[in-house]
2 protein chains.
Amino acid sequence: MEVRKELLEIGCPIGVTQNIMAGKWKLVIVWLLKDDTKRFGELRRALPQIRQGYLTQQLRELERDGLVHRKVYNVVPPKVEYSLTDIGIRFLEVMNKMYEWGEEYSNLIKNLCK
Amino acid sequence: MEVRKELLEIGCPIGVTQNIMAGKWKLVIVWLLKDDTKRFGELRRALPQIRQGYLTQQLRELERDGLVHRKVYNVVPPKVEYSLTDIGIRFLEVMNKMYEWGEEYSNLIKNLCK
DNA sequence: GTACATAGTATCATAAGACGTACTATTAAA
DNA sequence: TTTAATAGTACGTCTTATGATACTATGTAC
């Protein structure tokens with residue numbers, strides 16, 4: 001894990017979190033890794049809308065920031081497995097709250113539509 | 001509150017939440033409104049880095065999405081007060097989790113720096 | 001010796017987000 | 001009659017984020 005010292009300069013823990021989860025697909029990727037390790041190809045097939053290069057980039061950022069572990073098997077054809085680290089697993093608590101609130105919010109606006 | 005039906009089409013509550021909190025200053029604004037109503041000028045002075053037009057825009061989006069209430073007093077010079085709505089207050093739970101996790105994460109990388 | 005599979009890279013194009021500066025309406029007070 | 005204060009708007013610019021397409025390495029199976 002490469003430490004990004006500039007994150008500490010933000011000063012506010014919320015700002016740190018916001019910075020790390022920024023990126024259109026990062027939350028979805030973490031969510032997909034929630035229960036088990038996944039190979040690169042599995043993630044790609046699970047997210048057909050996302051271009052391969054961008055998936056790689058997002059995964060590398062998650063790895064750099066220490067949420068995701070990347071395990072390379074030295075075989076041909078290549079095999080790489082992604083999984084959540086401890087701090088990545090603890091990030092799921094944030095996502096659970098986001099889920100709860102998002103559900104509540106959705107119900108609210110559904111009612112307004114009636 | 002203007003209902004954004006496209007949010008419901010996202011399908012995933014986390015995606016809904018992510019969509020609503022997107023925007024560089026929205027979380028900070030909600031945080032500033034956490035305890036009490038604030039006038040526009042107070043927010044502006046609290047956030048000198050943010051340009052006035054952009055602050056207005058972020059506030060309008062928060063109002064549109066129902067997190068923030070905007071109360072206009074019909075006086076001169078103008079007076080406008082911003083406060084959190086019920087669903088906005090409940091959003092603070094998400095932010096609290098972000099705070100906790102961000103703190104934990106910051107401690108982790110501080111230790112790595114040693 | 002050709003094709004296939006995986007996990008990528010490289011390059012360019014476009015769209016979205018954020019920024020800077022300048023401008024407005026209104027009335028009360030100087 | 002000019003100035004000050006508040007809460008904005010209206011541009012144009014610039015940067016960052018995301019998207020599309022094409023290309024690479026390597027060993028195994030055919």
Side-chain angles (χ1 to χ4, degrees), chain A residues 4 6-7 10 12 15 17-30 32-33 36-65 67-83, chain B residues 2 4 6-7 9-10 12 15-30 32-33 36-65 68-83:
Chain A
R4 285 204 288 152
E6 75 271 20
L7 286 179
I10 293 176
C12 172
T17 306
Q18 190 180 16
N19 186 297
I20 284 179
M21 62 192 255
K24 194 168 171 184
W25 298 98
K26 283 196 188 150
L27 295 183
V28 187
I29 292 170
V30 170
L32 284 171
L33 295 176
D36 49 358
T37 287
K38 289 234 161 56
R39 292 188 61 175
F40 181 82
E42 291 182 271
L43 292 172
R44 185 161 50 76
R45 281 187 293 277
L47 301 167
Q49 319 96 306
I50 172 174
R51 161 190 62 103
Q52 192 172 5
Y54 197 52
L55 176 58
T56 300
Q57 184 190 314
Q58 301 274 84
L59 282 167
R60 290 295 157 82
E61 287 180 18
L62 286 168
E63 186 198 5
R64 174 199 62 190
D65 292 339
L67 302 217
V68 157
H69 178 68
R70 179 166 174 267
K71 182 169 185 185
V72 182
Y73 294 83
N74 216 348
V75 295
V76 169
K79 174 174 176 179
V80 179
E81 278 180 355
Y82 292 93
S83 58
Chain B
E2 165 196 338
R4 286 204 288 152
E6 75 271 20
L7 287 179
E9 286 157 21
I10 294 177
C12 172
V16 170
T17 306
Q18 189 179 18
N19 187 298
I20 284 179
M21 63 192 255
K24 194 168 172 183
W25 297 98
K26 283 194 188 152
L27 295 183
V28 187
I29 293 169
V30 170
L32 284 171
L33 295 175
D36 48 358
T37 286
K38 290 234 161 59
R39 293 187 61 175
F40 182 81
E42 291 183 90
L43 292 173
R44 186 161 49 74
R45 283 186 292 277
L47 300 167
Q49 318 97 305
I50 172 173
R51 162 188 61 105
Q52 193 171 5
Y54 196 54
L55 176 58
T56 300
Q57 183 190 313
Q58 300 273 84
L59 283 166
R60 290 295 157 82
E61 286 180 18
L62 285 167
E63 187 198 6
R64 174 200 62 191
D65 292 339
V68 157
H69 178 67
R70 179 166 175 266
K71 182 168 185 185
V72 182
Y73 294 83
N74 216 348
V75 296
V76 169
K79 174 175 177 180
V80 179
E81 278 180 353
Y82 291 93
S83 57

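Here the structure is a predicted model, which means the values were calculated and not measured.
- Protein atom NZ of A/Lys79 is 16 Å distant from nucleotide atom C1' of D/dG27, rounded to whole Å.
- Using a 4.0 Å heavy-atom cutoff across all strands shown, A/Tyr82 reaches sugar-phosphate atoms only and no base atom.
- Atoms OH and CG, on A/Tyr82 and A/Leu59 in that order, are 4.5 Å from each other to the nearest 0.5 Å.
- As rounded to whole Å, 9 Å separates atom C1' of C/dA7 from atom CZ of A/Arg70.
- Minimum interatomic distance between A/Gln58 and A/Trp25 (heavy atoms only, all atoms of both residues): NE2-N, 3.1 Å.
- Here the closest non-hydrogen pair linking A/Thr37 and A/Ser83 is OG1-CB, 3.3 Å.
- The heavy-atom pair separating B/Leu7 from B/Ile20 by the smallest distance is CD1-CD1, 3.9 Å.
- Using a 4.5 Å cut-off on side-chain heavy atoms (C-beta onward), B/Arg60 and B/Arg70 make contact.
- The closest side-chain heavy-atom distance from A/Leu47 to A/Leu32 is below 4.5 Å.
- Minimum interatomic distance between A/Lys26 and A/Met21 (heavy atoms only, all atoms of both residues): CB-O, 4.2 Å.
- Here the closest heavy-atom approach between residue B/Glu42 and residue B/Arg39 is recorded as OE2-N, 2.8 Å.
- In this structure, A/Arg44 atom CZ and C/dA7 atom P are separated by 8 Å, rounded to whole Å.
- The only option from B/Leu43, B/Val28, B/Leu55 that meets the side chain to side chain contact (heavy atoms under 4.5 Å, CB included) definition with B/Ile50 turns out to be B/Leu55.
- The interatomic distance linking A/Lys71 (NZ) with C/dT6 (P) rounds to 20 Å, in whole Å.
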Which pairs, protein N/O on one side and nucleotides 9-17 of chain D N/O on the other, fall under 3.5 Å?
| residue | atom | partner | partner atom | Å |
| --- | --- | --- | --- | --- |
| D/dT9 | OP1 | B/Arg60 | NH1 | 2.8 |

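- B/Arg39 has a side-chain polar atom (N or O) that falls below the 4.0 Å cut-off from OP1 or OP2 of D/dA7.
- Where B/Gln57 and A/Arg45 each meet DNA chain C at their nearest nucleotide, the meeting point lying more 5' is that of A/Arg45.
- Following rounding to the nearest Å, A/Leu59 (CG) and C/dT6 (C1') show an atom-to-atom distance of 14 Å.
- B/Leu47 places its CG atom 14 Å from the P atom of C/dA18, with the value rounded to the nearest Å.
- Look at NZ on A/Lys38: it is 18 Å from C1' on C/dT6, rounded to the nearest Å.
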Restricting both atoms to N or O, compile the protein contacts to nucleotides 27-30 of chain C shorter than 3.5 Å, with distance only.
none

